[in-house]
Amino acid sequence: MNQSHSSTLNDELDGDTLHEECGVFGVLGHPDGATLTALGLHALQHRGQEAAGIVTFDGKQFHTEKRMGLVGDHYTDPATLAKLPGFISIGHTRYSTTGEVALRNVQPLFAELEVGGIAVAHNGNFTNGLTMRRMLIADGAIFQATSDTEVVLHLIARSKQTSSSDRFIDAIRQMEGGYSMLAMTRTKLIAARDPIGIRPLVMGELDGKPIFCSETCALDIIGAKYIRDVENGEVIICEIQPDGSITIDSRKADQPKPERLCLFEYVYFARPDSVVGGRSVYTARKNMGINLAKEAPVEADVVVPVPDGGTPAALGFAQASGIPFEYGIIRNHYVGRTFIEPTQQIRAFGVKLKHSANRAMIEGKRVVLVDDSIVRGTTSLKIVQMIRDAGAKEVHIRVASPMIYFPDFYGIDTPDADKLLANQYSSLQAMCDYIGADSLEFLSIDGLYRAVGGENRDAANPQFTDHYFTGDYPTRLLDNDSTSNVRKLAVMASNG
Ligand code: AMP
């Protein structure tokens, strides 16, 4: 997420960003811990391309390797993997969009405590991370890094509980927001999901050894079996015993809340071959396109996906509308996700680097462009121009999710409210004129809910968290200075 949510916060934190969407992977009891972790992180690369780290324990000591850049660029080197022996391993791939990028912030973070060493890796964002940090600093704590994951280590160190797992539980129960966390000690691999399960986390198994990871695609890459999702509010503690056997202990929240997974995992973030919350991401995206074709039909000659995010929805749109699907835009796969570049100017440049028009499929045609989402509008603006330059007769945009009015505070990279395209124009037509399209339509919130879960949104108890579309934040936002503005916007939106 963007650091500009709170300039005071970032001034205080030395210009670094706190907010990140990430991938986590952990395995216990397997002799190839680091290799499996590197492969798992490689499958989760879409969740973070900035840096990756792995911590292992070999029975005597902990080993840590952290690198900036892609997993495959570093952890395929046998020399690097040789520095990571061990049968317990956790890893993290990090995504962060702004600010100084320091190796000290790369996770997993490790601390040697009187109960022994502990490493933690975190996907998500705490909404009280700054508040807790200030409290800890006032109490004498010294922070090494600016990532709020370090807050958890300090809370573990201060906990009055005796065992490392009870200390971990004690620490995370003081945190608010969206998080999926892994922790490891000398004998344990611990997995935890926030009380409403905003971020995903699944449990798998390979050769009888437990694995936890952000998405099922990280199980598939190593041929591991999916067991189940870690439940919202649940902590699972796996411990290796002296005889090599593994015990598994699940602790659930005392007062469980209904799960509200983040809808944006289905819209954009998760890999399409993953199964998130028991639902195929690919099928959900295709359904979004089918519902969009029903809600916002258009006469056209060709359906073109904005690759790669828009592809499954474009297929659904094409099948439901009967308009042929063609690859009218070719994506250069050697360029990372557009959002990884830190400034708006470079982001715009990134779009050009990434996509080029396939003139043969576009020239003289009425084109329906299908994308998964519009955030700042950078991609749409560039792509409409590109399609027109390639000779399209008409360009219609269909977006497979509703308009985004509100920033996210749970680990998805979205900018401040005023940078979101939906807040810059008072009408759909004005937005369409800015982008330069012949028409522009978005999927309705019910259309999206049906695509993912089969049912319309239950207004009294929404089945997912959808705050970026509705302003209905599922937790309080303790840290955020602009919370009152966000709430004001939410009221404005609900008043139409
Ligand atoms: P924008 O260009 O700012 O309107 O962003 C929309 C484009 O970026 C779409 O093509 C999406 O596939 C992609 N996108 C949406 N959300 C994110 C995100 N959180 N991080 C990176 N890319 C995103």
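All ligand and atom numbering here is 1-based and tracks the order in the structure. Please read all numbers here as calculations on a predicted model, not as lab measurements. The basis for the numbers below is simple: all heavy atoms, side chains too, and nothing from hydrogens, waters or symmetry mates.
With 3.5 Å as the limit, one finds no donor-acceptor pair spanning the side chains of E176 and T475.
Taking every non-hydrogen atom of F264 and a distance limit under 4.0 Å, the qualifying atoms of ligand 1 come out as 16 (N). Residue D372 has at least one heavy-atom neighbour below 4.0 Å for each of these atoms of ligand 1: 11 (C), 12 (O). Of all atoms in ligand 1, numbered sequentially from 1 with element shown, those under 4.0 Å from a heavy atom of I412 are 19 (N). Close approach of ligand 1 to I374 (heavy-atom distance below 4.0 Å) involves ligand atoms 4 (O). Under a 4.0 Å criterion applied to the non-hydrogen atoms of D371, ligand 1 contributes the atoms 9 (C), 10 (O), 12 (O).
Heavy atoms of V375 found under 4.0 angstrom from ligand 1 belong to the backbone as well as the side chain. Under 4.0 angstrom from ligand 1, the non-hydrogen atoms of T379 come from both its backbone and its side chain. Under 4.0 Å from ligand 1, heavy atoms of T378 appear from its side chain as well as its backbone.
Listed here is the closest heavy atom pair of C217 and L44: SG-CD2, 4.1 Å.
Ligand 1 lies less than 4.0 angstrom from a heavy atom belonging to G377. Residue T414 places no heavy atom under 4.0 Å from ligand 1.
Checking only distances, S380 never comes within under 3.5 Å of ligand 1, N or O to N or O.
A salt bridge between E326 and K365 is absent, with no side-chain N of the basic residue lying under 4.0 Å from a carboxylate O of the acidic one.
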Exercise. Report the C-alpha separation of D472 and R457 in whole Å, then their side-chain angles, then the decisive distance to 0.1 Å, and conclude whether the salt bridge (charged side-chain N to carboxylate O under 4.0 Å, His left out) test is met.
Key: CA-CA 12 Å; D472 172 15; R457 183 177 196 266; 3.1 Å; yes
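Below 30°, between 30° and 60°, or above 60°: for H122 and Y179 the angle between ring planes is above 60°, a perpendicular geometry.
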